[in-house]
Amino acid sequence: MRAVSQDRLGDPDVLQVVEVERPVPGPSEVLVRVHAAGISPTDWVHRRLPGFLDQLPLILGWDVSGVVEAVGVGVTIHEPGDEVFGMLPYPHGHGSFAEYVTAPARTFVAKPAGIGHVEAASVPLAALTAYQALVDTAHIRPGQRVLVHAAAGGVGHFAVQIAKSLGATVIGTASAAKHELLRELGADELIDYHTEDFEKAAGEVDVVLDLIGGDYTARSLRTLRPGGTLVSLVLSQTTPLREEAAALGVRHRLMLVEADQAGMLAVADLLRSGALRPVVQASFPLDQAAQAHEVGESGRVTGKLVLEIR
Ligand SMILES: NC(=O)c1ccc[n+]([C@@H]2O[C@H](COP(=O)([O-])OP(=O)(O)OC[C@H]3O[C@@H](n4cnc5c(N)ncnc54)[C@H](OP(=O)(O)O)[C@@H]3O)[C@@H](O)[C@H]2O)c1
């Protein structure tokens with residue numbers, strides 16, 4: 001099969017299309033023919049830096065939308081021909097920048113019929129991050145004020161919609177040019193971070209999703225009401241602030257997204273109901289993976305980027 005592989009760490013040009021053996025599903029695994037694979041900052045972090053994945057050559061990619069090609073022994077929930085989507089286990093389950101991938105059967109859930117593979121592939125990792133942060137970590141409730149940083153990005157635009165669907169008042173930070181789209185997606189209040197201090201503009205909030213890190217973490221902590229929760233997602237740039245948080249009567253949690261069947265089922269329901277709409281800025285063929293990474297690494301993407309593999 002064709003795959004995008006790298007035999008060294010570095011800039012986007014380390015990504016090369018190569019021929020590799022098609023994987024075979026083991027017991028309780030499925031083999032999925034990948035139609036599209038979402039691209040995330042997680043991909044370029046691991047493309048560039050030594051970290052959890054040190055074995056080269058390496059095929060990146062955690063987001064999949066495709067069709068079940070074969071099932072391993074004992075799989076009862078999927079069969080060949082099923083259209084599915086899901087997030088491969090992070091970190092070691094990577095490999096969706098390829099024509100086929102194997103993973104535990106419960107990695108995947110049925111793709112909503114009304115959504116194409118490119119849109120579906122944009123969803124799993126980013127929407128699960130937003131869902132696990134808002135629902136499983138912050139336990140958001142209707143009526144709460146939720147501040148989403150980088151609201152126009154991959155995770156942010158899903159977080160805005162998920163928080164809104166759960167009855168929250170949603171405040172987002174983004175460049176002014178992106179405010180109209182975010183209003184359409186349900187944001188109630190928008191802050192242009194280039195011209196306004198978000199601490200002043202947001203007022204008191206119950207939950208913050210920090211998708212930026214650095215000085216945003218301590219500043220975000222100070223926007224919280226007593227009892228509120230700051231969920232930090234950029235672990236590499238975030239100092240844990242448990243003591244400061246305790247002194248203010250708030251919580252600070254660092255979160256890493258996990259492959260999660262219950263979360264995927266909830267996200268799929270939101271897609272079917274229309275409460276969640278993926279925004280795909282652009283899609284690229286497999287042999288333009290390096291260009292896609294360059295665009296993504298600019299940090300200016302609206303919504304998601306996707307590789308179209310079939
Ligand atoms: N912990 C986890 O499990 C986990 C999971 C997923 C992602 N992440 C991390 O979360 C971060 C965001 O991921 P993503 O996929 O959403 O990234 P992304 O799609 O690349 O985010 C791009 C967006 O960020 C906005 N942005 C950049 N600087 C900003 C600022 N100072 N204030 C407000 N918005 C700003 C940009 O808007 P403008 O053009 O307006 O600047 C752009 O729309 C990444 O660092 C990623 O590695 C962590």
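No experiment lies behind these values; they were computed from the predicted model shown. Ligands are counted one by one from 1 in listed order, and the atoms in each one are counted from 1 as well.
Of all the heavy atoms of I212, the ones lying under 4.0 Å from any atom of ligand 1 belong exclusively to the side chain. Counting heavy atoms under 4.0 Å from ligand 1, residue V257 touches it through both backbone and side chain. Residue-level proximity to ligand 1 for L125 is carried by the side chain, the only part with a heavy atom below 4.0 angstrom. Counting heavy atoms under 4.0 Å from ligand 1, residue Y216 touches it through the side chain alone. Under 4.0 Å from ligand 1, heavy atoms of L211 appear from its side chain as well as its backbone.
Ligand 1 is never approached by A126 to a heavy-atom distance shorter than 4.0 Å. Within the 4.0 Å heavy-atom shell around ligand 1 one finds M255.
With respect to E204 and R225, a salt bridge is recorded, a charged nitrogen being found less than 4.0 Å from a carboxylate O.
Among the atoms of L233, some N or O lies under 3.5 angstrom from an N or O of ligand 1. The shortest N or O to N or O distance between T129 and ligand 1 is not under 3.5 Å. By the 3.5 Å distance cut-off applied to N or O atoms, A174 is not counted among the residues near ligand 1.
Looking at heavy atoms from C-beta onward, F158 lies in side-chain contact with P278 at the 4.5 angstrom threshold.
Side-chain contacts under 4.5 Å among hydrophobic residues (ILVMFWY), followed directly or transitively, place V118 together with V280, V306.
Under a 4.0 Å criterion applied to the non-hydrogen atoms of S175, ligand 1 contributes the atoms 38 (P), 39 (O), 40 (O), 41 (O).
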